[in-house]
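Reading through the structure tokens given below for one structure.
Whatever order the structure lists ligands and atoms in, that order sets their numbers, starting from 1.
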Amino acid sequence: MKIGEGLSTGRFSLSFEVFPPVREGNLGNLYKVITELSEYEPHFISVTYGAGGRTRDKTIEIAHKVKEEYGQNVLAHLTCVGSTRDDIAAILDELKDRGIENILALRGDPPEGEETFTPVRDGFRYANELVEFIVSRHRFSIGVAGYPQKHPEAPSFEADLLNLKRKVDAGADFVITQLFFENDEFYRFRDAAIKTGVRVPILPGIFPLMNYKQFLRIIDLCRPTIPSRLGEKVERLRDKPEEIEKYGVEFALEQSVDLMENEVAGLHIYTMNRSWPVKVMIDEGLRGLLPADRLRTPPGGETKTTKT
Ligand code: FAD
């Protein structure tokens, strides 16, 4: 099913992101997680595209399996990194032939150690060019990335919003945001995007924190605003990974409840290939807020929190 069409009905969207594991041996665990996540009947499951374009085949293979074997609607991420137009055309043909109907069109990050993004010869410089190209090839539903705190390379919040609008004008029919921990920033972003003319659903990206090392990495990569209560607590628990994990889920749940009370179009949860944080969030809070037809109780009852 095309994600854009589903979102246009106004039905609340619950979705999960997974990534292709680096080690082949971890694929079994990923599929176990996908089985567990599928119990929550998400609107879609998205599969990332590795930095530097290095998971191209795995992304396609996993996305295909999520759709065909797990019966889930799937969103395949695609970046411009290291690919010419012809490469992208071939990937789009393959996605279409494999029955995948939705693409998250991204520019991708510069390689580690480089400050600026340099497209390959005959490649794309910005995601709006990729969106335009996808539209010219096949009828996919297209999502794009949005940044509540602005993209780190953008000269200003306003300039970044105009660039988001370019992607929507080029044919994107929904936006998924970068992770954030300060909901007010999301509301400011949503209001400003609407004022700028971005009239497509915006799905907030929610990230349940896992550990201290990851917390530092996220700050470095995504530069989110860290509310003082979150920052102080994580610092205090820095040597207690189990407790950070627990607090991370609690915080993500609190954030999600507030977002739902503020009429978001849906929630997109960055699962990091774990199902238990999702289970806790849904069974301990979100279930009561989701429309009755949105979720059924997973086999075995409510919160079964074995850690996957
Ligand atoms: P763009 O929209 O092209 O923006 C990049 C920068 O250029 C911004 O500063 C923007 O303001 C500016 N800009 C955009 N268009 C123009 C223009 N026409 N003229 C001038 N300036 C312009 N990365 C991966 O490698 N794999 C993934 O699977 C992946 N999934 C992601 C999922 C989500 C939901 C998000 C939010 C990010 C994801 N990323 C992923 C990271 C993403 O690739 C990086 O954030 C990247 O740096 C920017 O990608 P973009 O598509 O937003 O780029």
Side-chain angles (χ1 to χ4, degrees), residues 3 13 15-22 44-56 58-60 62-63 74-83 88 91 95 100 102-112 114-119 123-134 142-172 174-180 185-186 189 192-193 196 198 200-207 217-218 220-224 265-273:
I3 292 172
S13 165
S15 54
F16 308 127
E17 181 190 282
V18 297
F19 64 86
V22 179
F44 62 91
I45 292 179
S46 84
V47 185
T48 68
Y49 198 79
R54 69 187 145 74
T55 63
R56 172 199 155 145
K58 270 195 200 161
T59 300
I60 299 176
I62 294 166
V74 74
L75 170 67
H77 295 209
L78 174 63
T79 76
C80 309
V81 180
S83 294
I88 298 277
I91 296 172
L95 288 169
I100 290 158
N102 308 291
I103 297 180
L104 189 69
L106 301 147
R107 185 200 68 180
D109 283 320
E112 233 176 283
E114 287 179 31
E115 283 294 306
T116 51
F117 177 85
T118 313
F124 300 108
R125 181 173 293 276
Y126 296 114
N128 65 288
E129 298 170 7
L130 176 61
V131 173
E132 213 170 281
F133 187 70
I134 297 172
I142 305 171
V144 290
Y147 301 85
Q149 305 92 358
K150 95 168 181 67
H151 183 266
E153 293 164 38
S156 68
F157 180 72
E158 290 72 24
D160 202 32
L161 275 177
L162 287 171
N163 290 327
L164 175 62
K165 184 168 183 296
R166 281 183 211 260
K167 298 193 272 196
V168 172
D169 290 346
F174 61 101
V175 175
I176 302 181
T177 76
Q178 182 60 284
L179 61 87
F180 59 91
E185 281 185 349
F186 174 81
F189 167 75
T196 311
V198 174
V200 294
I202 301 178
L203 302 176
I206 296 298
F207 190 94
R217 193 172 140 71
I218 282 171
D220 185 43
L221 266 179
C222 313
R223 309 195 199 150
L267 291 175
H268 185 68
I269 304 179
Y270 294 108
T271 71
M272 297 304 285
N273 294 358

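- Residues Phe174 and Ile3 form a side-chain contact, since some pair of their non-hydrogen atoms from C-beta on lies under 4.5 Å apart.
- Within the listing of ligand 1, atoms 8 (C), 9 (O), 10 (C), 11 (O) sit less than 4.0 angstrom from a heavy atom of Asp160.
- Residues His77 and Thr48 have side chains that never bring a donor and an acceptor to within less than 3.5 angstrom of each other.
- At least one heavy atom of Tyr147 sits less than 4.0 Å from an atom of ligand 1.
- Counting only heavy atoms of the protein, atom 13 (N) of ligand 1 lies nearest to Asn163 ND2, 3.2 Å.
- Regarding atom 35 (C) of ligand 1, its nearest protein heavy-atom neighbour is Ala145 CB, 3.7 Å.
- Aromatic ring orientation, Tyr147 versus His151: perpendicular (interplanar angle above 60°, classes split at 30° and 60°).
- For ligand 1, the polar-atom distance check against Ala127 finds a nitrogen or oxygen pair separated by under 3.5 Å.
- Residue Asp109 has at least one heavy-atom neighbour below 4.0 Å for each of these atoms of ligand 1: 43 (O), 44 (C), 45 (O), 46 (C), 47 (O).
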In a table with atom names and distances, give each donor-acceptor pair under 3.5 Å that connects a side chain of residues 125-132 to protein atoms at least two apart or in another chain.
residue : atom : partner : partner atom : Å
Glu129  : OE1  : Arg125  : N            : 2.8

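- Using a 4.5 Å cut-off on side-chain heavy atoms (C-beta onward), Phe186 and Ile206 make no contact.
- Proximity of Arg125 to ligand 1, defined as any heavy-atom pair under 4.0 Å, is not found for any part of the residue.
- Protein non-hydrogen atoms do reach within 4.0 Å of atom 51 (O) of ligand 1.
- Shortest contact from atom 17 (C) of ligand 1 to any protein heavy atom: Tyr126 CD1, 3.4 Å.
- Between Thr116 and Pro110 there is no side-chain heavy-atom pair separated by less than 4.5 Å.
- Counting only heavy atoms from C-beta outward, the side chains of Thr196 and Leu164 never approach each other to under 4.5 Å.
- With respect to atom 24 (C) of ligand 1, the closest heavy atom belonging to the protein is Tyr49 O, 3.5 Å.
- The single protein non-hydrogen atom nearest to atom 5 (C) of ligand 1 is Arg107 NH1, 3.6 Å, given as residue, atom name and distance.
- Of all atoms in ligand 1, numbered sequentially from 1 with element shown, those under 4.0 Å from a heavy atom of Asn128 are 15 (N), 18 (N).
- Annotation: the span from Gln178 atom CD to Phe207 atom CZ amounts to 9.5 Å, rounded to 0.5 Å.
- Looking at ligand 1, you won't find any N or O of Tyr270 less than 3.5 Å from one of its N or O atoms.
- Shown in contact with Leu104 at under 4.0 Å from a heavy atom are these atoms of ligand 1, numbered in order with element: 32 (C).
- Note: Phe189 and Phe157 have perpendicular aromatic rings, judged against thresholds of 30 and 60 degrees for the angle between ring planes.
- Within ligand 1, counting atoms from 1 as listed, the ones closer than 4.0 Å to a heavy atom of Thr79 are 24 (C), 25 (O), 26 (N).
- You'll find the side chain of Asp109 stays beyond 4.5 Å of the side chain of Val81, heavy atoms only.
- If you check which protein heavy atom lies closest to atom 30 (N) of ligand 1, you get His77 ND1, 3.1 Å.
- Assignment of Ala159 to the shell around ligand 1 is not supported, since no heavy atom sits closer than 4.0 Å.
- Close contacts of ligand 1 with Ile176, meaning ligand atoms under 4.0 Å from a residue heavy atom, involve 34 (C).
- The atoms of ligand 1 that sit less than 4.0 Å from any heavy atom of Glu153 are 9 (O).
- With sequence neighbours excluded, no residue forms a salt bridge (Lys or Arg N to Asp or Glu O under 4.0 Å) with Glu158.
- Ser13 has its side chain within reach of Phe44: a pair of non-hydrogen atoms, C-beta onward, lies under 4.5 Å apart.
- Residue Val47 forms a side chain to side chain contact (heavy atoms under 4.5 Å, CB included) with just one option from Ile60, Leu104, Val74, and that option is Val74.
- Here the side chains of Pro148 and Ile202 are not in contact, with every heavy-atom distance at 4.5 Å or above.
- Atom 38 (C) of ligand 1 has its closest protein heavy atom at Leu106 CD2, 3.7 Å.
- Among protein heavy atoms, atom 8 (C) of ligand 1 sits closest to His151 ND1, 3.3 Å.
- Those atoms of ligand 1 with a heavy atom of Ala154 less than 4.0 angstrom away are 9 (O), 11 (O).
- Some N or O of Lys167 is nearer than 3.5 Å to an N or O of ligand 1, by distance alone.
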